[in-house]
Amino acid sequence: MRAGDAVEIRGAPARPRHATGLPVASFGGLVEPGRRQVRISGPSGTATPAPSTLAVTSGNGLGGKAVALARPCAVTDHSVSRRISHEYGLPAAAEGLHAVVAVPVVVRRRVRAVLHGALRAAHPPPLPERAWGRLGVTAETVKAYPRSATRKPGVRTRGQAVVAARRAGWLP
């Protein structure tokens, strides 16, 4: 990695909060060379110092799973998810984290870092309209998405779209 990469990774967690105005907690860290471990740094929007004290091992927890699989991973309720191990459950509970996503930063087919984003509510808050414009999304785009999600798999309801997506392996 380049010398400036560590600075970029430390600064990355603050960007979603500033760009969207959403009340998210975010944090990340570099994969330590030769150790397959991520030392969390640069937390933003956290309520406690808990995330900044973690060293996440590859394969453990949500971030470790993202490192091991080299692909994004998410849970809708961190505390009860059966899709992850819970070595880091106490710090997550101290933060009150529910919906969490971990995204690996892959460079030349190697995971170099992982970034986390989390909401403290089990259901994501509505996206404020001021954030839509920053993301290049219009109200019509938001309304069109459910229509498209049902039209493409050839179903009539959102429930049928979810079932079709699960059968296709697009959703857990």
Side-chain angles (χ1 to χ4, degrees), residues 5-32 35-107 110-128 130-132 134-135 137 142 145-146 149 158 161-162 165-166 168-172:
D5 291 345
V7 173
E8 285 295 317
I9 293 298
R10 275 194 299 273
R15 291 186 192 114
R17 289 175 50 83
H18 296 302
T20 67
L22 289 173
V24 296
S26 52
F27 41 94
L30 295 170
V31 174
E32 294 179 359
R35 297 195 67 201
R36 299 294 291 173
Q37 185 178 50
V38 176
R39 173 89 39 202
I40 300 298
S41 63
S44 176
T46 54
T48 71
S52 62
T53 63
L54 294 178
V56 177
T57 303
S58 177
N60 293 346
L62 186 66
K65 184 176 181 177
V67 170
L69 298 176
R71 65 181 175 88
C73 298
V75 294
T76 56
D77 192 340
H78 190 277
S79 65
V80 298
S81 176
R82 292 183 179 164
R83 303 182 71 180
I84 58 169
S85 61
H86 289 275
E87 289 86 354
Y88 312 106
L90 289 177
E95 277 292 320
L97 304 181
H98 287 276
V100 185
V101 62
V103 180
V105 177
V106 180
V107 178
R110 290 187 55 216
V111 177
R112 305 295 184 155
V114 66
L115 299 173
H116 294 76
L119 294 171
R120 288 190 176 82
H123 300 287
L127 186 62
R130 69 180 191 280
W132 292 357
R134 291 186 197 143
L135 296 172
V137 176
V142 173
Y145 182 77
R158 287 182 287 181
V162 170
R166 283 192 174 132
W170 300 334
L171 291 176

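Values reported hereafter were calculated over all heavy atoms of this structure, with side chains retained and with hydrogens, waters and symmetry mates removed. Keep in mind that what you see is a predicted model, and the values were worked out from it rather than measured.
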Can you check whether [X] reaches [Y] side chain to side chain, under 4.5 Å on heavy atoms?
{"X": "T48", "Y": "P51", "answer": "yes"}
{"X": "V56", "Y": "V67", "answer": "no"}
{"X": "S26", "Y": "P43", "answer": "no"}

Which pair of non-hydrogen atoms, one from [X] and one from [Y], has the smallest distance, and what is that distance?
{"X": "V75", "Y": "H78", "result": "CG2-CA, 3.8 Å"}
{"X": "G61", "Y": "S85", "result": "N-OG, 2.8 Å"}
{"X": "A102", "Y": "A66", "result": "O-CB, 3.7 Å"}
{"X": "K65", "Y": "C73", "result": "CG-SG, 3.8 Å"}

Atom [atom1] in [X], atom [atom2] in [Y]: separation rounded to 0.5 Å?
{"X": "H98", "Y": "R120", "atom1": "NE2", "atom2": "CZ", "answer": "10.0 Å"}
{"X": "D77", "Y": "R83", "atom1": "CG", "atom2": "CZ", "answer": "13.0 Å"}
{"X": "S79", "Y": "L90", "atom1": "OG", "atom2": "CG", "answer": "11.5 Å"}
{"X": "L54", "Y": "S41", "atom1": "CG", "atom2": "OG", "answer": "11.5 Å"}
{"X": "L30", "Y": "R39", "atom1": "CG", "atom2": "CZ", "answer": "12.0 Å"}
{"X": "L97", "Y": "Y88", "atom1": "CG", "atom2": "OH", "answer": "15.0 Å"}

| Set of residues satisfying side-chain contact (heavy atoms from CB on, under 4.5 Å) with respect to A74, sequence neighbours excluded |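 Here the qualifying residues are V101.
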
| For Q37, which residues count as a side chain to side chain donor-acceptor pair (under 3.5 Å) partner, sequence neighbours excluded? | R35

| What's the verdict on side chain to side chain contact (heavy atoms under 4.5 Å, CB included) for V31 and V114, showing C-alpha distance, side-chain angles and the deciding distance? | CA-CA 7 Å; V31 174; V114 66; 5.8 Å; no

| said: With a 3.5 Å distance limit and no angle check, can you tell me whether H116 reaches the backbone of G29 through a side-chain donor-acceptor pair? | reply: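 Flag not set: sc H116 to bb G29 has no pair under 3.5 Å.
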
| message | Among residues at least two apart in sequence or on other chains, which ones pass salt bridge (Lys or Arg N to Asp or Glu O under 4.0 Å) with R36? | response |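 Expected list: none.
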
